A.B. asks: 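Take this structure, written in structure tokens, and hold onto it; I'll ask about it next.
Keep in mind it's a predicted model, so treat the numbers as computed, not measured. Values reported hereafter were calculated over all heavy atoms of this structure, with side chains retained and with hydrogens, waters and symmetry mates removed.
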Amino acid sequence: MSVKEAMADITRGMGECIGLEYLQSLVDKFYATGERFSAKAGFDPTAPDLHLGHAVLLNKLATLQRHGARVQFVIGDFTATIGDPSGKSETRKTLSFEEVLINAKTYEQQVFKILDPALTDVCFNSKWLHPLGADGLLVLTSKFSVARMLERDDFEKRHRENRPISMVEFMYPLLQGYDSVALQSDIELGGNDQKFNLLVGRFLQRAYGLSKEQSVLTMPLLEGLDGVAKMSKSLGNYIGVSEEPKSMYAKLLSISDTLMWRYYELLSAKTSAEITELKNGVEKGNLHPKAIKEGLALEITARLHSQQQAQEAKAAFDQVFSQKQIPSDLAQMEFSAGVWIAQVLKEAGLSPSTSQARRDIKAGGVRIDQEVLLDEQFCFSAGTYVVQVGKRKFIKAIIH
């Protein structure tokens with residue numbers, strides 16, 4: 001592959017690149033001499049599961065690995081205990097160190113579904129931030145002004161509205177930036193909402209006298225299943241990296257035909273030319289959008305699980321939704337007689353709350369034994385029931 005093709009692969013789908021010439025020089029050197037460079041991305045383990053929004057960054061890191069990078073996968077076990085409100089209007093909830101460590105362990109298990117472990121260094125930023133000490137922190141804060149910190153959009157907005165910003169929050173971009181100093185990173189990746197923090201790392205490398213200035217590569221934030229808000233576990237519009245294959249496949253098929261191309265661009269291993277060819281085929285009527293979406297769902301499910309599991313997920317989906325059959329491997333839950341339908345839907349995870357469960361019933365989206373339920377106050381008597389919400393959420397309820 002030529003350097004030009006490699007750079008097209010690296011920059012595909014990205015939001016912005018600061019220091020593009022330096023990045024290209026690193027790729028040039030790799031193809032000429034085989035010398036690798038470092039590409040860093042940080043993930044604060046604030047929840048146990050990574051989702052496809054995180055996979056956008058992981059995929060780009062994997063692309064960089066193919067073209068010469070050794071990835072520095074930084075788990076922010078120190079910074080996660082602080083809280084970073086990037087893109088938000090309030091302070092993020094902080095976690096105990098024990099919670100962080102539990103979540104961090106799951107990250108280590110999940111990232112190698114996408115990254116090459118032989119070309120990845122998993123780093124915990126407590127390794128260099130704990131030893132920094134009070135004197136080191138004072139030196140760090142002396143490198144950056146308050147006025148410069150208030151250039152960050154969310155800080156500026158809160159300051160303008162006279163809403164509190166803690167000094168600890170000001171420390172977060174500095175600590176993230178210091179990661180790049182400690183690791184002497186060549187490139188740092190992050191979401192579009194992380195641009196300020198990534199540039200702090202670039203600035204601090206200069207301030208600490210490093211002989212390099214990292215390139216910054218930002219990636220767009222992936223929309224969730226609703227096609228509106230960014231993918232987020234708290235919004236319920238996410239697909240987990242470790243999600244069960246049948247659920248992953250079904251969720252991917254549920255996205256809109258328009259959103260499908262966004263997922264292709266940011267998540268598929270297909271080349272830009274191949275994706276353009278698929279788009280042209282759909283526009284000309286030679287290819288059906290459903291078939292193209294099935295291809296995407298198969299590709300992503302196979303990459304995160306296996307080809308066999310992806311094919312089994314497709315077969316199960318086709319059985320349930322094409323032939324209108326009930327799946328054979330329903331999850332089972334037990335309840336006491338007299339339990340309210342909305343409570344069952346909430347506890348089974350078919351609806352996020354009893355209020356939403358009632359709305360689902362009103363909309364005709366709830367079935368019991370394949371019959372539409374319209375009674376919001378329905379309570380179960382003893383027996384076994386197949387409970388369904390929408391087209392793809394099922395559970396077998398055993399009532400005692």
Side-chain angles (χ1 to χ4, degrees), residues 10-11 14-26 36-46 54 56-58 60-61 64 69-87 92 120-132 136-156 168-219 221:
I10 290 169
T11 57
M14 74 174 187
E16 190 175 357
C17 183
I18 296 98
L20 183 62
E21 288 183 4
Y22 178 53
L23 170 57
Q24 181 159 339
S25 73
L26 296 170
R36 289 192 173 270
F37 52 89
S38 60
K40 166 203 165 194
F43 293 78
D44 279 356
T46 53
H54 299 114
V56 172
L57 274 185
L58 293 173
K60 189 56 68 178
L61 288 170
L64 283 162
R70 184 167 188 88
V71 166
Q72 298 165 327
F73 184 85
V74 179
I75 294 181
D77 59 328
F78 187 96
T79 43
T81 62
I82 293 175
D84 173 36
S86 292
R92 187 177 72 188
T120 304
D121 298 316
V122 177
C123 315
F124 291 80
N125 66 5
S126 61
K127 182 178 179 180
W128 51 85
L129 292 179
H130 272 306
L132 197 58
L137 286 174
L138 287 173
V139 170
L140 178 58
T141 57
S142 73
K143 306 288 186 183
F144 215 80
S145 70
V146 172
R148 184 79 184 272
M149 193 65 73
L150 287 173
E151 290 175 7
R152 200 171 96 165
D153 291 343
D154 48 327
F155 285 159
E156 190 275 332
V168 172
E169 291 179 76
F170 273 2
M171 288 301 301
Y172 187 97
L174 295 176
L175 293 172
Q176 180 179 333
Y178 190 77
D179 292 348
S180 294
V181 175
L183 291 172
Q184 299 192 33
S185 308
D186 292 311
I187 305 165
E188 184 170 14
L189 281 72
N192 286 342
D193 60 342
Q194 285 285 308
K195 180 180 175 180
F196 181 90
N197 291 8
L198 303 180
L199 289 173
V200 171
R202 182 176 164 91
F203 173 85
L204 288 178
Q205 285 184 328
R206 294 196 304 270
Y208 276 89
L210 269 64
S211 59
K212 64 173 68 178
E213 190 176 79
Q214 68 180 18
S215 295
V216 165
L217 200 161
T218 66
M219 293 299 294
L221 302 177

A.B. asks: Of the non-hydrogen atoms in Phe124 and Trp128, which two are nearest, and what is the gap between them?
C.D. replies: O-CZ3, 3.8 Å
A.B. asks: To the nearest 0.5 Å, tell me how far Phe203 CZ sits from Lys143 NZ.
C.D. replies: 8.5 Å
A.B. asks: Decide yes or no for Tyr172 and Glu169: does some side-chain heavy atom of the first lie under 4.5 Å from some side-chain heavy atom of the second?
C.D. replies: no
A.B. asks: Can you check whether Leu140 reaches Leu175 side chain to side chain, under 4.5 Å on heavy atoms?
C.D. replies: yes
A.B. asks: Would you say the side chain of Arg152 lies within less than 4.5 Å of the side chain of Asn197, judging by non-hydrogen atoms?
C.D. replies: yes
A.B. asks: Below 4.5 Å, heavy atoms only, C-beta onward: do Leu129 and Asp179 meet side chain to side chain?
C.D. replies: yes
A.B. asks: For Pro131 and Ser126, which heavy atoms make the closest approach, and how far apart are they?
C.D. replies: CD-O, 3.6 Å
A.B. asks: Heavy atoms, side chains only, cut-off 4.5 Å: are Lys195 and Ile18 in contact?
C.D. replies: yes
A.B. asks: Looking at Ser180, is its backbone amide N or carbonyl O close enough to the side chain of Gln205 to form a donor-acceptor pair, meaning the two atoms are under 3.5 Å apart?
C.D. replies: yes
A.B. asks: Which value, rounded to the nearest 0.5 Å, describes the distance between Met149 atom CE and Met171 atom CE?
C.D. replies: 8.0 Å
A.B. asks: For Ser38 and Leu183, run side chain to side chain contact (heavy atoms under 4.5 Å, CB included): C-alpha distance rounded to whole Å, both residues' side-chain angles, the deciding distance at 0.1 Å, then the answer.
C.D. replies: CA-CA 9 Å; Ser38 60; Leu183 291 172; over 6 Å; no
A.B. asks: Does the separation of the ring centres of Phe144 and Phe170 fall below 6.0 angstrom?
C.D. replies: no
A.B. asks: Do Glu156 and Asp153 pass the side chain to side chain contact (heavy atoms under 4.5 Å, CB included) test, and can you show the C-alpha distance, the side-chain angles, and the key distance before you say yes or no?
C.D. replies: CA-CA 5 Å; Glu156 190 275 332; Asp153 291 343; 5.7 Å; no
A.B. asks: With rounding to the nearest 0.5 angstrom, report the CG to CZ distance, Leu150 to Phe155.
C.D. replies: 8.5 Å
A.B. asks: Of all heavy-atom pairs between Pro173 and Phe196, which one has the smallest distance, and what is that distance?
C.D. replies: CB-CE2, 4.3 Å
A.B. asks: Of all the heavy-atom pairs spanning Gln214 and Ser185, show the shortest one and how long it is.
C.D. replies: CB-O, 3.5 Å
A.B. asks: With no hydrogens and no angle check, is any side-chain donor or acceptor of Ser215 less than 3.5 Å from a backbone partner on Gly19?
C.D. replies: yes
A.B. asks: Roughly how far, to the nearest 0.5 Å, is the CG atom of Leu199 from the CZ atom of Arg202?
C.D. replies: 7.0 Å
A.B. asks: Is there a donor-acceptor pair under 3.5 Å between the side chain of Arg70 and the backbone N or O of Phe37?
C.D. replies: no
A.B. asks: Under a 4.5 Å cut-off applied to non-hydrogen side-chain atoms, are Tyr22 and Asp186 in contact?
C.D. replies: yes
A.B. asks: Side chains of Leu189 and Leu64, heavy atoms from C-beta outward: is any pair under 4.5 Å?
C.D. replies: yes
A.B. asks: Measure the spacing between CG of Asn192 and OG1 of Thr218 and express it to the nearest 0.5 Å.
C.D. replies: 4.5 Å
A.B. asks: List the steps and the verdict of side chain to side chain contact (heavy atoms under 4.5 Å, CB included) for Leu217 and Leu198.
C.D. replies: CA-CA 9 Å; Leu217 200 161; Leu198 303 180; over 6 Å; no
A.B. asks: When rounded to the nearest 0.5 angstrom, what is the spacing between CG in Leu61 and OG1 in Thr120?
C.D. replies: 8.0 Å
A.B. asks: Just wondering, are more than 12 heavy atoms of other shown residues or ligands nearer than 6.0 Å to CG in Asp121?
C.D. replies: yes
A.B. asks: Quick check: does any side chain N or O of Lys212 sit under 3.5 Å from a backbone N or O of Gln184, one acting as donor and the other as acceptor?
C.D. replies: yes
A.B. asks: Does Asn125 reach the side chain of Tyr178, with side-chain heavy atoms less than 4.5 Å apart?
C.D. replies: no
